[in-house]
Amino acid sequence: MTAKNPEKTNSVSFGPGSTVAVLLPLPLAGPYDYLVGPDDRYQVGDIVNVPLGSRRATGVVWGQASGDVDSAKLRQIDSLRETPPLPTALIKLVNWTAAYTLYSQGAVLRMTLSVPDALDPPKPTKGYTLASVLPEVRSTKARDKVLAFLKEAPPLPIADIAREAGCGASVVKGLFDAGALIAVNMATASDWPVPDPEFGGVTLSDDQKHASEVLSSSVQNGFKVVLIDGVPGSGKTEVYFEALARALQEKKQILVMLPEIALGAQWLERFEARFGVAPAMWHSELTHAKRRDTWRAVANGDVRVVVGARSALFLPFADLGLIVVDEEHDGSFKQEEGVIYHARDMAVVRARVEDIPLALVSATPSLETVTNVARGRYEEVTLPARHGGQDLADVSIVDMRKDGPSRGCWLSPLLTEALTKTFDAGDQAMLFLNRRGYAPLTLCRTCGHRLQCPRCTAWLVEHRLHDRLQCHHCGFQTRLPEKCPSCDDTESMVPCGPGVERLAEEIEMLFPDIRTIIAASDMVQGPKQAAELVRLIEDKEVDLVIGTQIVAKGYHFPGLTLVGVVDADLGLTGGEFRAAERTFQLLYQVAGRAGRGDRPGEVILQTYMPDHAVMGALLSGDRDTFNKAESEAREQASMPPFGRLVALIVSGRVERDVDATAANLARIAPRPDGIRVLGPAPAPMALLRGKHRRRLLLSAPRDVQVQGIVKDWVRRASIQKQVRVQIDVDPVSFF
Ligand code: ADP
Ligand code: ZN
C-alpha cells in the first residue's frame, strides 16, 4: 500500500543518549526503561532487541522512560528489528485493553506479537538460471530439457523448473552442483491478491442500500458504531459486503470477525463470489508458516481483508479502515483463557483509536448492544424482512409433559410426523440438539454410580462412534468399563439422555431410508470438513442434518424447510443471568435456518417449559418485547448492562490453599457504597483439569470505575503459593 494516513505514523523519536520505555511481550508489571545507543534513533512503536537478564528479548518502544531507574544503570537497546513499527492505534489498544481487563500490558502485547518469526524479513526465494559460462557437463535427455527450458525462461525456483521441464528436482540440483546453473535472489511478489470491489455483487434493495450507506459513509468520516439488525436472510451480509467494497476502493484494510471461523466455509465462498479472491484468514488452525506470512503482510499492508476469530483483533494492521463483527451476540467472542477479554468490546475500542467505523451484525443483538443503541451511543439500521419477501418460518411448540415421546425415545409424535411429511416432499430437515456424543451421562443401573471425569466436575460423555468416554472440559478419555467401578456389577452401565449420536440411532429406526449426517465439532474438524459438510447439504446429498450449535449460525441452506429443536430447555437450566437471552438467541438463529429458499419453513420446539418467556418470544417472533422484559428485569437487579460485574476465579491444586486465598479475598473485599461482593463459592466446575476453583463476584453500579477497586483489592490479598487469581471483567461464562 502506498500513502499511509499521516496521523497513523508515530512522530515522537528518541535520539542517542536518551532513555525510553520498552514493553516486552511478557506478563510483567509494565515497560522497562532502556538507553538509546550513541548512533541510534528510535520512535514509538519500533520493535527492538534488548538485553534482559542474561538473554536477549524482543520488545516495543513504548514511549517516554519512567525515570524510575537511574539512567547510569540502564542497559542499552541492542538493535532495531527489520519490521514496520507498531502503529500508534495498536499501542493505544494494548494499553486500553490492559487497563480495562486488568491484565498487564505485556500480556496483551503478547497477543499482538504472537508470531515472533514474523519479525524477521522473509528469506528471499532463490531462483535458478543458466551460468554465464557453461562448464562441461555430462549430457542426459533430462538435463538437456532443463538447459533448453532455461535458455528461454526467467530465473525460477527448482520445483518450478523441474515441473516445466518435465523432470525430477534432482536433475536441476545436479546441474546446479555441476556449476551449470547459478542461484539468484528473486524479487518476492506479493502472494496476496487484492479483492476486487467490482467483481460480483447484487443490486441492493432500498432498505439494504440505506443500511450500507450509513455504514460506508463513515469510512471517511471516522469512528462510529453501527448495529446492522435484521432477521435471518434479510441480506445483512450483502449489506456489509457493500461497505467492504467501499473501504477497498478507499485502499483501506478491513477486518471481519466471525465466531468459529474454521467453520465459515460458506462465508468464504460468498466472499470469493463477491470479490473474486479469498480473503486472508486468521485462526488457530493456520500453519505456522501461514501465520508468519499473514502477520507480516497485515503489517506491511499487502493483505487487504482479514477474516478472523477474536485474536485477529490484535493484528498490526497498517491502515485499517473498517471492522465488522458478524454475529456480534456470540459468546465465543469472549476469550476465557490467558488474557480474559471480550473481542467485540475491544473491537469497539480499536475502531475508536483507529477512528474508523465498526459494524456489529446480528439477527439477535446482545442486550449490551441494544442498550447502547437505546442510549444513543451506537447507530442502528434495521432490515425487517427477508430478501425475496418470504415469511419467517412458522414456529410451534410441543409440550413434552403431555405430548412427549415414549420412554427411551426423544422425538415426539408431532415432530416425527413433521419429519415424515418433509422427507415425503423431498425437502431437507435439521434436528438441533446442542450435545455432542451419544449420551451426556452413563450410570450403573445397579448402584447408581455415575461415571465422572477424574480431573473435573463433569460427567464423562459417551462417544459411541469413537468408542470412548470423554470429558468435554479437559479432553480426558477412557473406554466404557466392563464392570461398574463402584459395585463391580457387569453389563449394568447404561447411557442417560440423548446426544446427537443417539438421536441418529432413533432416526435410523424411524426412517431407515433417509440419508443423515451428524454435524458436531468432534465430527467436523477444520475448514475442509466444514466445506464438505456444507456441500453435502447444499447439493441435497443428505436429507437430515443432526447438529449442535455449529450448524445453528449463519448458514443458508435453501432446501431446508423443517427445523426440530429436540430439547429447547437445554440452555435454560443452570441459572446464569444471561440464560434466557442466550437461549433465545441460539434458538432464534436455529429457527432462522428453516425456509430460506422458495418453500416456507417450519420450526418445532420440544419443551417442558412451554410457558417460559423464551418460548413465548420464539412463538410470536416478538424479539423486541422479549428484550424489553429482559432489560427491565436486569435493570431492577442491577445486572449488566445496567450494572457492572467482575468475577475473580481462585484456582490451584491444593484445595486448602485455594480456600484460604478465597476466604482472604472475601474478608478484605472492598465495601464502598453500592458495591457488593458475593462468594466465595465453589465454581460450577469446582474441579477443572485437576485444579480446585472458587469464585467471587463483585457487582457495582454502572457509573463506578471498577478497575481501580479490583486492582487494589487483589493487590491487598494474601495469595497462597501456587494459587492463581484470575480476573474476569464483564464475565460471560460462570463455569
Ligand atoms: P443475512 O446475512 O441477513 O442472513 P444474507 O446476506 O445471507 O442474509 O442473504 C440471504 C440470501 O439472500 C443470500 O443468498 C443473499 O445472497 C441473498 N440476497 C440478499 N440480498 C440480496 C439482493 N439485494 N439481491 C439478491 N440476492 C440477495
Ligand atoms: Zn475433565
Side-chain angles (χ1 to χ4, degrees), residues 200-213 215 227-245 256 258-259 264-275 324-330 359-365 381-390 392-393 437 440-441 450-461 463 468-478 534 537-538 552-560 585 588-598 601 651 683-693 735:
V202 297
T203 312
L204 297 184
S205 70
D206 286 348
D207 276 349
Q208 291 173 336
K209 203 177 291 160
H210 169 72
S212 93
E213 261 155 28
L215 186 58
L227 168 64
I228 303 181
D229 173 2
V231 297
S234 56
K236 298 185 291 298
T237 314
E238 299 294 348
V239 164
Y240 75 71
F241 274 1
E242 206 49 44
L244 254 64
V256 180
L258 297 180
Q266 214 174 25
W267 190 94
L268 290 173
E269 262 174 38
R270 283 183 70 177
F271 185 93
E272 271 200 68
R274 175 67 179 80
F275 297 106
V324 176
V325 182
D326 202 348
E327 312 287 4
E328 69 87 25
H329 61 278
D330 199 287
L360 300 174
V361 183
S362 178
T364 51
V381 289
T382 45
L383 299 171
R386 278 191 166 175
H387 174 75
Q390 312 95 317
L392 285 175
L441 166 67
R450 299 164 169 219
L451 295 180
Q452 195 176 349
C453 175
R455 296 191 279 172
C456 303
T457 316
W459 310 129
L460 290 174
V461 178
H463 287 251
R468 281 272 184 284
L469 292 164
Q470 245 180 43
C471 171
H472 283 179
H473 301 277
C474 72
F476 174 86
Q477 297 198 356
T478 182
V534 167
I537 306 173
E538 279 176 344
K553 304 167 193 168
Y555 287 115
H556 180 68
F557 299 124
L560 191 69
Q585 287 164 343
Y588 188 82
Q589 295 281 340
V590 178
R593 297 316 107 206
R596 293 172 71 101
D598 37 25
S651 64
M685 301 287 301
L687 190 67
L688 179 62
R689 295 186 194 94
K691 291 200 174 139
H692 299 274
R693 304 168 79 245
F735 63 95

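What's counted below: heavy atoms across the whole structure, side chains too, no hydrogens, waters or symmetry copies. In each ligand, atom 1 is the first atom listed, and ligand 1 is the first ligand listed.
- A heavy-atom separation below 4.0 Å is found between Ser234 and ligand 1.
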*Check the pair Ser651 / Leu688 against side chain to side chain contact (heavy atoms under 4.5 Å, CB included), numbers first and verdict last.*
CA-CA 9 Å; Ser651 64; Leu688 179 62; over 6 Å; no
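- Not a single N or O atom of Val202, backbone or side chain, sits closer than 3.5 Å to an N or O atom of ligand 1.
- Contact annotation: the side chain of Pro365 never approaches that of Leu360 to less than 4.5 Å [non-hydrogen atoms, C-beta and beyond].
- Looking only at protein heavy atoms, the nearest one to atom 8 (O) of ligand 1 is Gly235 N, 2.9 Å.
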*Working for side chain to side chain contact (heavy atoms under 4.5 Å, CB included), residues Gln470 and Phe476*: CA-CA 6 Å; Gln470 245 180 43; Phe476 174 86; over 6 Å; no
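- At least one side-chain heavy atom of Pro232 sits less than 4.5 Å from a side-chain heavy atom of Tyr588.
- Val256 is listed as a side-chain neighbour of Trp267, based on a closest heavy-atom distance under 4.5 Å.
- Proximity of Glu242 to Arg274: side-chain heavy atoms (C-beta onward) are separated by under 4.5 Å at one or more points.
- Atom 2 (O) of ligand 1 has Thr237 OG1, 2.7 Å as its closest protein atom, hydrogens excluded (heavy atom only).
- In summary, the atoms of ligand 1 found under 4.0 Å from a heavy atom of Thr203, numbered by their order in the structure, are 22 (C), 23 (N), 24 (N).
- Glu269 contributes atom CD, which lies 12.0 Å from atom NE2 of His556 (distance to the nearest 0.5 angstrom).
- Those atoms of ligand 1 with a heavy atom of Leu204 less than 4.0 angstrom away are 23 (N).
- For Gly233, a nitrogen or oxygen atom sits less than 3.5 Å from a nitrogen or oxygen atom of ligand 1, counting backbone and side chain alike.
- The Zn ion (ligand 2) has no N, O or S atom of His473 under 2.8 Å away, backbone or side chain.
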_Criterion side chain to side chain contact (heavy atoms under 4.5 Å, CB included) on His463 and His472, from CA distance to verdict_ = CA-CA 11 Å; His463 287 251; His472 283 179; 2.8 Å; yes
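- With hydrogens left out, the protein atom closest to atom 18 (N) of ligand 1 is His387 CD2, 3.5 Å, a heavy atom.
- Within the 4.5 Å cutoff, no side-chain heavy atoms of His473 are placed close to those of Arg455.
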*Determine, step by step, whether Arg596 and Tyr555 satisfy the side chain to side chain contact (heavy atoms under 4.5 Å, CB included) criterion, reporting the C-alpha distance in whole Å, the side-chain angles of both residues, the deciding distance to 0.1 Å, and the verdict.*
CA-CA 10 Å; Arg596 293 172 71 101; Tyr555 287 115; over 6 Å; no
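- Considering Gln589, His556, Arg593 only, the shortest heavy-atom separation from atom 14 (O) of ligand 1 involves His556.
- Regarding atom 15 (C) of ligand 1, its nearest protein heavy-atom neighbour is Glu238 OE2, 3.4 Å.
- In terms of protein heavy atoms, atom 20 (N) of ligand 1 is closest to Gln208 NE2, 3.0 Å.
- Contact check for Leu460 versus Cys471: side-chain heavy atoms found under the 4.5 Å cut-off.
- Nearest protein heavy-atom neighbour of atom 13 (C) of ligand 1: Arg270 NH2, 3.9 Å.
- Val231 counts as a contact of ligand 1, since one of its heavy atoms falls under 4.0 Å from the ligand.
- The Zn ion (ligand 2) has no N, O or S atom of His472 inside 2.8 Å of it.
- With the Zn ion (ligand 2) as the vertex, SG (Cys471) and SG (Cys474) define an angle of 110°, rounded to 10°.
- Ranking protein heavy atoms by distance to atom 3 (O) of ligand 1, first place goes to Lys236 NZ, 2.8 Å.
- The shortest separation from a heavy atom of Arg596 to ligand 1 is under 4.0 Å, placing the residue in contact.
- Residue Val361 does not touch ligand 1, judged by heavy-atom distances below 4.0 Å.
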